[in-house]
S.K.: 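This is the structure, below, for whatever I ask next.
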Amino acid sequence: MLDKNGIAQRIAQEVHDGWYVNLGIGIPTLVANFIPEGMEVEFQSENGILGMGPFPFAGKEDADLINAGKQTITAMPGAAFFDSATSFAMIRGQHVQLTVLGAMEVAQNGDIANWKIPGKMVKGMGGAMDLVASAENIIVAMMHTNRAGESKLLPSCTLPLTGVGCVKRVVTNLAVLDIRDGAFHLVERAPGIEVDQIRAATAGKLVVPEVVPEMVIA
Amino acid sequence: MAINKVVTNEIEACKGVKNGMTLMLGGFGLCGIPERSIAELVRLNIVDLTCISNNAGVDDFGLGLLLQKRQIRKMISSYVGENDEFERQMLSGELEVDLIPQGSLAERCRAGGAGIPAFYTPAGYGTEVAEGKETREFNGKPHILESALTADFAFVKAWRGDTAGNLIYKATARNFNPMMAMAGKITVAEVEELVPEGELDPNQIHTPGIFVQRIFQGTGYEKRIEQRTVKTEKLSE
């Protein structure tokens, strides 16, 4: 089974040289730590920076330089700052090649829910609705089940939607799955995880090929 | 000679703000918020406000200060997750909340300032956000119609400004400030450093002075950090 860093490490393998990438809050943020040395990738944070760098050293924090998770960050050489309208022009205009974000629920038709639990929790959608409505390449990073042990990969979402039919790939602590033709297609197993465990944790329709390779986490 | 927009301080800058008005406030989280103007709005105890701002501050800073005193009737935001008092007021129905996608919020402010009454966007199609909104297909993809936003007052924060109201923002403190500056009937800009006209390079201006009606140099900025994240020497390359 993968931990959060393991999920991030596996997703980092999906990143290509020369891509602009938007990473959501939580597990997605960790993906930046696993980009191979020498690969040219620029991270976009929707609050207004391209070329986001790692956290600053203690004492070098700048209140004016944060990411979308409100964390203090640094700017890489060649970085650019811009306003929120320009930032979402990059996103809506499909200039960003990959979006990685978290979710509470994903459905077998590619629907995603991650912003509200009616009557209980309302955080807001932030930039997630803009991101999922426009991005061509969306990967969801999340745990396969919630804290109560219930599957987060469902026949249809029960929570208010963030976007419809948009998620193409899900990477969880148990597996990599692709979404197409109204089903989850098992692509890889996490190290030490059997297909039956994935089947048991997936409430939505699951298509399992004859051979399911185990993930290679370097 | 350029038109002089300078007022002495936040007290003079906030003159004319009345109960029931719609205000825009720049900032993302606590980054780039108009701290001095918010402090004055709290002091004036103006109520029944509609506030358009990406976030709602935290419990004891930013717009959280106005929420504590129940000065806000309605919030228009995209993300409010860092404020317990906000969540409480919203779930209990004391506070009216319109949550909209962040890109749509930015563009609705920009459109308001740019004289565009509405626009189509794919964001929010098929979700609660689309309820009651016109939808239309372009290039085989469904979009929803979003309307422009304007405000009686827009409060923005910049790094440097000149007496003509030209503004330069610093790093990610720019965020919503430029669009909101455009969309305010009266736009109040507070800056960390106010310089005479001619001192800022015209090539580097982010918000041209035409969008700003009042400008002042703020003092005593706290610039609070919401999530202080650092790396240790050992983890660095």
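Note on naming: letters A, B, ... go to the chains in the order of the sequence lines (proteins, then strands), and numbering restarts at 1 for each one. Computed over heavy atoms, backbone and side chain alike; hydrogens, waters and symmetry mates excluded. Computed from a prediction, not measured in an experiment: that's the story for all the values here.
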S.K.: Write out, in numerical order, the residues from residues 65-86 of chain A with a heavy atom short of 4.5 Å from a heavy atom in chain B.
M.R.: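 Counting heavy atoms that sit under 4.5 Å from chain B, the residues of residues 65-86 of chain A involved are L65(A), I66(A), N67(A), A68(A), G69(A), K70(A), Q71(A), T72(A), F81(A), F82(A), D83(A), S84(A), A85(A).
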S.K.: In terms of heavy-atom proximity below 4.5 Å to chain A, should R110(B) be classed as side chain, backbone, both, or neither?
M.R.: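 The side chain, not the backbone.
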S.K.: Pick one of side chain, backbone, both or neither for N55(B), based on which atoms fall under 4.5 Å of a heavy atom in chain A.
M.R.: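 It is the side chain, since no backbone atom gets that close.
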S.K.: With a sphere of 6.0 Å drawn around CE of M39(A), does it hold more than 12 non-hydrogen atoms of other residues, nucleotides or ligands?
M.R.: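 Enclosed: over 12 neighbouring heavy atoms sit under 6.0 Å from CE of M39(A).
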S.K.: Determine whether M125(A) and T127(B) satisfy the following criterion, side chain to side chain contact (heavy atoms under 4.5 Å, CB included), listing intermediate values before the conclusion.
M.R.: CA-CA 11 Å; M125(A) 65 292 282; T127(B) 75; over 6 Å; no
S.K.: Check whether more than 12 heavy atoms from other residues, nucleotides or ligands sit under 6.0 Å from atom CG of N203(B), and answer yes or no.
M.R.: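 Correct, the count exceeds 12.
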S.K.: Heavy-atom distances under 4.5 Å only: say whether S45(A) touches chain B with side chain, backbone, both or neither.
M.R.: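 Neither; nothing under 4.5 Å.
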S.K.: Which atoms of I100(B) are under 4.5 Å from chain A, going by heavy atoms: the side chain, the backbone, both sets, or neither?
M.R.: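 Backbone only.
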S.K.: Identify the heavy atoms of G126(B) and L161(A) that sit nearest to each other, and give their distance.
M.R.: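 So the minimum-distance heavy-atom pair works out to O-CD1, 3.8 Å.
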S.K.: Looking at K60(A), I'd like to know if its NZ atom is crowded, meaning that more than 12 non-hydrogen atoms belonging to other residues, nucleotides or ligands lie closer than 6.0 Å.
M.R.: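 No - once you tally the heavy atoms of other residues, nucleotides and ligands closer than 6.0 Å, there are 12 at most.
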S.K.: E87(B) versus chain A, heavy atoms under 4.5 Å apart: side chain, backbone, both or neither?
M.R.: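 The side chain, not the backbone.
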S.K.: Counting only heavy atoms not in I210(B) (residues, nucleotides, ligands), do more than 12 fall under 6.0 Å from its CD1?
M.R.: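 It does not: I210(B) CD1 has 12 such atoms or fewer within range.
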S.K.: Relative to chain A, which segment of E192(B) carries a heavy atom at a distance below 4.5 Å: side chain, backbone, both, or neither?
M.R.: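 For E192(B), the side chain is the part near chain A, not the backbone.
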S.K.: One thing to verify: whether E128(B) and K116(A) come together as a salt bridge, which I'm taking to mean a side-chain N less than 4.0 angstrom from a carboxylate O.
M.R.: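 A salt bridge links K116(A) with E128(B).
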S.K.: Taking all non-hydrogen atoms of both residues, which atom of S134(A) and which atom of P122(B) are closest, and how far apart?
M.R.: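 Answer, listing the atom of S134(A) first, then P122(B): OG-CG, 3.5 Å.
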S.K.: Please examine the side chains of V122(A) and L91(B), heavy atoms only from C-beta on, and report whether any two atoms are closer than 4.5 Å.
M.R.: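 Yes, at least one pair of side-chain atoms sits under 4.5 Å.
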S.K.: For K205(A), I'd like to know if atom NZ has over 12 heavy atoms of other residues, nucleotides or ligands within 6.0 Å.
M.R.: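 12 or below, so no.
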S.K.: Output the distance between atom OH (Y169(B)) and atom CG (D64(A)), rounded to the nearest 0.5 Å.
M.R.: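 That separation rounds to 13.0 Å.
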S.K.: For L99(B) versus G124(A), what's the shortest heavy-atom pair and its separation?
M.R.: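 So the minimum-distance heavy-atom pair works out to CD1-CA, 3.9 Å.
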S.K.: Is there a side-chain contact between K123(A) and V80(B) in this structure, where contact means two heavy atoms from C-beta onward sitting under 4.5 Å apart?
M.R.: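 K123(A) does not reach V80(B) side chain to side chain.
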S.K.: Please name all residues satisfying side-chain contact (heavy atoms from CB on, under 4.5 Å) with E146(B), sequence neighbours left out, ordered by chain then number.
M.R.: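 Applying side-chain contact (heavy atoms from CB on, under 4.5 Å) to E146(B) gives S104(B), R108(B), F119(B), T121(B), V129(B), K133(B), I144(B).
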S.K.: Heavy atoms only, distances under 4.5 angstrom: which of C109(B), A123(B), S78(B) has the most pairs with chain A? Name it, please.
M.R.: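 Most heavy-atom pairs within the cutoff with chain A belong to S78(B).
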S.K.: Could you measure the distance from the CZ atom of F176(B) to the CG atom of N47(A)? Nearest 0.5 Å is fine.
M.R.: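 Nearest 0.5 Å value for the CZ-CG distance: 9.5 Å.
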S.K.: Does the side chain of F88(A) reach to within under 4.5 Å of the side chain of E107(B), using non-hydrogen atoms?
M.R.: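 A side-chain contact under 4.5 Å is absent here.
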S.K.: Could you go through D62(A) and K170(B), starting from their C-alpha distance and side-chain angles, then the distance that decides it, and tell me whether this counts as salt bridge (charged side-chain N to carboxylate O under 4.0 Å, His left out)?
M.R.: CA-CA 10 Å; D62(A) 181 352; K170(B) 192 181 147 213; 3.1 Å; yes
S.K.: Is the count of non-hydrogen atoms from other residues, nucleotides or ligands lying under 6.0 Å from F55(A) atom CZ greater than 12?
M.R.: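 Buried by this count: over 12 neighbours within 6.0 Å.
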S.K.: Assess whether side chain to side chain contact (heavy atoms under 4.5 Å, CB included) is satisfied between M52(A) and T172(B), documenting all intermediate values.
M.R.: CA-CA 11 Å; M52(A) 174 171 50; T172(B) 56; over 6 Å; no
S.K.: Would you say K223(B) has more than 12 foreign heavy atoms packed within less than 6.0 Å of its NZ?
M.R.: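 Result for NZ/K223(B): enclosed.
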S.K.: What heavy-atom pair brings D130(A) and G103(B) nearest, and what distance separates the two atoms?
M.R.: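 Smallest heavy-atom distance, with atoms named: OD1-N, 2.9 Å.
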